[in-house]
Protein chains: 2
Amino acid sequence: MKTDKQKRLEAAGFKIGTADDFLKLTPAESELVTLRLCLAHDVRRRRIALHFTQADLARRLGSSQSRIAKLEAAETDVSLDLLFRAMFATGAKRREVGRLIAAV
Amino acid sequence: MKTDKQKRLEAAGFKIGTADDFLKLTPAESELVTLRLCLAHDVRRRRIALHFTQADLARRLGSSQSRIAKLEAAETDVSLDLLFRAMFATGAKRREVGRLIAAV
DNA sequence: TTGACATATGTCAGAATTGACATATCGCTT
DNA sequence: AAGCGATATGTCAATTCTGACATATGTCAA
């Protein structure tokens, strides 16, 4: 879900850093980018806390190690669906996920 | 993102109601279904509160009226990506979305 | 070094999701 | 009843996302 703006900038040689909206993203776009980043980060955090390898989590999800690597790197071809399924596959409940998302 | 179990049951003539896991869903599946339902419901609630028609919201999202109808009905071919983009397009912030998701 | 294990990166054909469109149905006013 | 605006439902070609695979890179111990 790469925006046109992101595509243009990346074509020009720029990369998205951890900061969010120093590019002129609409508020909605910015919220979405941040959401993806914090989910990706938390999947990794939770996976490691469980002493799972990426392959372990992939097996649990019916996915593959390479896709988990991309997911944790928040690559643009990873869907929110997969991110949430990964969260839930690490045992997260809605309450925890909600708290994560709500955190400023 | 229809699970095999859901597919089997629906093939046998059953329909998913508003209740969640009276079918034998794994906890992860159940969390995902509930998440989708409450997002879909809240998009409609927020849209109506803004006095938007489905077509209005669709325009704002670069989508179409029919897709918004499907989204609000939580049809299975609607992605979480679209659900979240719709939430943000109604002006929701992560904090509100998080609270919604965390709510029991 | 070598080997073993974990993670990263690139590719691709198949699957899922998309917006667009047509059309049906509903609710409401005249 | 007829007209109108809003919503629902079905279809489909194009786009996006997917798991699988190959392979590269990194890390650590023997």
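Letters go in sequence order (proteins before strands), and every chain restarts at 1. Values in this document were obtained by computation on a predicted structure and should not be read as measured data.
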>> Considering every strand and a 4.0 Å limit on heavy-atom distances, what is the contact class for Thr53(A): base, sugar-phosphate, or nothing?
In response: sugar-phosphate
> Just how far, in rounded Å, is P of dT7(D) from CZ of Arg59(B)?
Replying inline: 12 Å
> Is the side chain of Arg36(A) donor-acceptor paired with the backbone N or O of Val78(A) at a distance under 3.5 Å, no angle test?
Replying inline: yes
> Hey, is the side chain of Arg47(A) poking within less than 4.0 Å of OP1 or OP2 on dT7(C), counting only N and O atoms?
Replying inline: yes
> To the nearest Å, how far apart are Gln65(B) CD and dC26(C) C1'?
Replying inline: 13 Å
>> How would you summarise protein contacts on nucleotides 24-30 of chain D per nucleotide, using B for base, S for sugar-phosphate only and - for none, with heavy-atom distances below 4.0 Å?
In response: -------
> Over how many whole Å does the gap from Gln54(A) atom CD to dG19(D) atom P extend?
Replying inline: 14 Å
>> Side-chain N or O of Ser63(B) versus OP1/OP2 of dG19(C): is the shortest distance under 4.0 Å?
In response: yes
>> When you measure only distances, ignoring hydrogens and angles, does the side chain of Ser66(A) come within 3.5 Å of the base of dC21(D) through a donor and an acceptor?
In response: yes
> Roughly, in whole Å, what's the span from CG in Leu80(B) to P in dT18(C)?
Replying inline: 10 Å
> Within this structure, what is the CG-to-C1' distance between Leu71(B) and dT18(C), rounded to whole angstrom?
Replying inline: 12 Å
> Checking all strands, does Leu82(A) fall into the base, sugar-phosphate, or nothing category for heavy-atom contacts under 4.0 angstrom?
Replying inline: sugar-phosphate
>> Looking at every heavy atom in both Ala92(A) and Arg46(A), which two are closest together, and how far apart are they?
In response: N-NH2, 3.0 Å
> So, is Arg44(B) close to the dA8(D) phosphate, meaning a side-chain N or O under 4.0 Å from OP1 or OP2?
Replying inline: yes
> Do Leu39(A) and Leu100(A) come close enough that some side-chain heavy atom pair is under 4.5 Å?
Replying inline: yes
> When the nearest nucleotide of DNA chain D is assigned to Ile48(B) and to Arg67(B) on a heavy-atom basis, which residue is associated with the more 5' position?
Replying inline: Ile48(B)
>> Closest approach to the side chain of Lys70(B), judged atom by atom: which nucleotide of dT18(D), dA8(D), dA20(C) is it?
In response: dA20(C)
> What is the distance, rounded to the nearest whole Å, between atom CD1 of Ile68(B) and atom P of dG19(C)?
Replying inline: 8 Å
> Which heavy-atom pair separates Pro27(A) from Lys93(B) by the least distance, and what is that distance?
Replying inline: CB-NZ, 3.7 Å
>> Less than 4.0 angstrom between a side-chain N/O of Ser79(A) and OP1 or OP2 of dT18(D), yes or no?
In response: yes
> So what does the secondary structure string of DNA chain D come out as, 5' to 3', with Watson-Crick or wobble pairs under 3.5 angstrom, [ ] for crossing and | for pairs with another strand?
Replying inline: ||||||||||||||||||||||||||||||
> Is the shortest distance from a Lys or Arg side-chain nitrogen in Lys70(B) or Glu75(B) to a carboxylate oxygen in the other one below 4.0 Å?
Replying inline: no
> If you look at every heavy atom in Val43(B) and Leu57(B), which pair is closest and at what distance?
Replying inline: CG1-CD2, 3.9 Å
> Which heavy-atom pair separates Glu29(B) from Thr26(B) by the least distance, and what is that distance?
Replying inline: OE1-N, 2.9 Å
>> In this structure, how many angstroms lie between the C1' atom of dG19(D) and the CZ atom of Arg60(A), rounded?
In response: 19 Å
